[in-house]
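Note: hydrogens, waters and symmetry copies are ignored here, and every other heavy atom, side chains too, is used.
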Amino acid sequence: MLLAGCGGGQDSLQPHSTQSNQIRWLWWGMLIVAGIVFFGAVGMLALAWLRKGDKGLPALGPREGLTNGLVVVFGIVVPVVVLVALFIVANLVVIKTTQAPAKGSTQMSIDVTGKQWFWVVSYDGTPAVTANEIHIPVRTRVRINVRSGDVIHSFWVPELNRKIDTINGQTNSELLYASRPGRYRGQCAEFCGLQHAHMGMVVVAEPMARFRAWLANMAKPAPAPAGGAAAQGQRLFMANQCASCHQIRGTQAQGQIGPDLTHLASRSTLAALTIANTPRELAAWIANPQAIKPGNKMPDLGLSRSQIAAIVSYLEGLK
């Protein structure tokens, strides 16, 4: 049970932004004062146990005065002081720092929609749409606007900021800021169905020049297949249900049920960080998606191995 929380690359105590740093110090403060109160209570229980053999109710003496003093200090004074202090720090410092930035106060804005079970990511002012991988320029204030396409989800990248709920019909916002380049794993933090645990995302913070090059490529329509197996794969993709569920900008595929696949090959993972984006894993996903992520909306289309290989060849060219 103790080791179960050690994996996943998500750690609120390893901050990479001012917001997550404030949350870390609040957590340590709460742990310290809770420890003091806890061990004070344990001390009083130990004292009571040591005195369990005392008989009668003698007049109040030095020992009774000490005991009553401990009860007053650890039962009334310390909890009141601690709760008031935490309330002030949490409301006047931490919440103020981590709350959504005012519109127009950030350099850019990104829209993120949670669906069962993946994240749709679009960049305001551009046609760029991707899924599960959110690229941002490092040391840049970015406003994230989150929504839901079905049930309540919760957007959480613990190394960058606090949790924020995605609610159908409502837009919530928060600030994303990374102090240094890196990949910061996030997760849906609100139970949303069978594959809630496999609804991850990653924030990629990179230098501004690299980010601009990435965004310019994402804004382009999908490249045409070079020919051969890739061209055959495109025809199969358009002729089957794939094109009804997925969008590939620049083609007839305009589905909105599944993730946008316009630049699928540029992503490092598939199925919201469930598996790596390799030709072998992609083929296994197309062949039997329910075996990898039970309950997702992608059906088994009954394609042959050669048909799957052709579709994989096409999708591998979408960079």
Side-chain angles (χ1 to χ4, degrees), residues 10 17 19-20 23 90-91 94-136 141-158 160-177 184-203 215 218-219 241 243-249 253-262 267 271-274 289 293-299:
Q10 299 175 162
S17 71
Q19 292 71 34
S20 58
I23 294 171
N91 284 274
V94 179
I95 290 181
K96 184 178 180 180
T97 303
T98 60
Q99 67 184 358
K103 290 185 178 180
S105 65
T106 58
Q107 288 97 319
M108 62 181 301
S109 181
I110 300 174
D111 294 331
V112 177
T113 301
K115 294 187 176 183
Q116 292 176 312
W117 291 275
F118 64 96
W119 304 92
V120 180
V121 185
S122 58
Y123 289 75
D124 287 1
T126 80
V129 179
T130 184
N132 307 315
E133 296 189 9
I134 305 169
H135 287 241
I136 63 172
R141 288 168 55 84
V142 179
R143 182 184 177 94
I144 298 290
N145 304 308
V146 299
R147 306 175 181 87
S148 172
D150 36 55
V151 301
I152 297 176
H153 303 280
S154 187
F155 180 92
W156 186 35
V157 186
L160 300 182
N161 209 335
R162 61 182 174 88
K163 302 173 185 176
I164 181 171
D165 283 346
T166 72
I167 301 172
N168 203 321
Q170 178 176 326
T171 300
N172 294 329
S173 302
E174 77 169 0
L175 178 70
L176 275 192
Y177 178 94
Y184 305 104
R185 195 186 190 284
Q187 177 68 37
C188 176
E190 179 78 24
F191 181 72
C192 55
L194 182 61
Q195 289 299 320
H196 161 69
H198 290 151
M199 189 175 171
M201 93 284 290
V202 63
V203 175
L215 185 60
M218 290 298 107
Q241 192 176 344
S244 301
C245 295
H246 296 281
Q247 180 180 40
I248 298 180
R249 284 178 287 115
Q254 297 296 319
Q256 299 295 320
I257 297 174
D260 185 293
L261 304 181
T262 304
R267 302 173 199 161
L273 279 62
T274 304
K293 198 168 181 177
N296 79 87
K297 295 181 180 179
M298 183 169 170

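Between the CG atom of Leu176 and the CZ atom of Arg141 there is a distance of 11.0 Å, given to the nearest 0.5 Å. To the nearest 0.5 angstrom, Asn296 atom CG is 14.0 Å from Lys115 atom NZ. Between the CZ atom in Arg147 and the CD1 atom in Ile167 there is a gap of 13.0 Å [rounded to 0.5 Å]. Rounding to the nearest 0.5 Å places CD of Gln254 at 13.5 Å from NE2 of His246. Interatomic distance, CG of Leu273 versus CD of Glu133, reported as 7.0 Å (0.5 Å rounding). Between atom CG of residue Asp165 and atom CD of residue Glu190 there is a gap of 5.5 Å, rounded to the nearest 0.5 Å.
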Q: Run the numbers on Met201 and Val157 for side-chain contact (heavy atoms from CB on, under 4.5 Å), then give the verdict.
A: CA-CA 8 Å; Met201 93 284 290; Val157 186; 4.0 Å; yes
Q: Please lay out, stage by stage, how Arg267 and Thr130 fare under the test side-chain contact (heavy atoms from CB on, under 4.5 Å).
A: CA-CA 9 Å; Arg267 302 173 199 161; Thr130 184; 3.3 Å; yes
Q: For side-chain hydrogen bond (donor to acceptor under 3.5 Å, both in side chains), just list the numbers for Glu174 and Asn172, CA-CA rounded to whole Å, side-chain angles, deciding distance to a tenth of an Å, and then say yes or no.
A: CA-CA 7 Å; Glu174 77 169 0; Asn172 294 329; over 6 Å; no
Q: Verify side-chain contact (heavy atoms from CB on, under 4.5 Å) between Thr113 and Thr166, making sure each step is shown before the conclusion.
A: CA-CA 7 Å; Thr113 301; Thr166 72; over 6 Å; no
**Q.** Test side-chain contact (heavy atoms from CB on, under 4.5 Å) applied to Cys245 and Lys297, step by step
**A.** CA-CA 9 Å; Cys245 295; Lys297 295 181 180 179; over 6 Å; no
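Remark: side-chain polar atoms of Lys163 are not paired, donor with acceptor, to backbone N or O of Ala189 under 3.5 angstrom. Of the possible polar contacts, one joining the Asn168 side chain to the Asp150 backbone as a donor-acceptor pair under 3.5 Å is found. When atom types are taken as modelled, the side chain of Gln195 and the backbone of Pro294 share a donor-acceptor pair closer than 3.5 angstrom.
Summarising the geometry of Ile257 relative to Ser244, their closest heavy-atom pair is CD1-O, 4.5 Å, with the distance given to 0.1 Å. Taking both residues in full, the closest heavy atoms of Gln187 and Ala197 are given as NE2-O, 3.4 Å, listed atom of the first, atom of the second, then distance. The shortest heavy-atom contact between His153 and Trp119 is CB-CH2, 4.2 Å. Residue Ile134 comes nearest to Phe155 through the heavy atom pair CD1-CE1, 3.7 Å, listed as atom of the first residue, atom of the second, then distance. Residue Thr98 comes nearest to Arg162 through the heavy atom pair OG1-NE, 3.2 Å, listed as atom of the first residue, atom of the second, then distance. The shortest heavy-atom contact between Asn161 and Ile23 is C-CD1, 4.1 Å.
For the ring-ring contact (aromatic ring centres under 6.0 Å, His included) test, residues two or more places apart in sequence or in another chain that qualify with Tyr123 are Trp214.
Within the 4.5 Å cutoff, side-chain heavy atoms of Ile144 are placed close to those of Ile110. Between Asp260 and Val120, every side-chain heavy-atom pair lies at or beyond the 4.5 Å cut-off.
A side-chain N or O of Asn145 and one of Ser109 form a donor-acceptor pair less than 3.5 Å apart.
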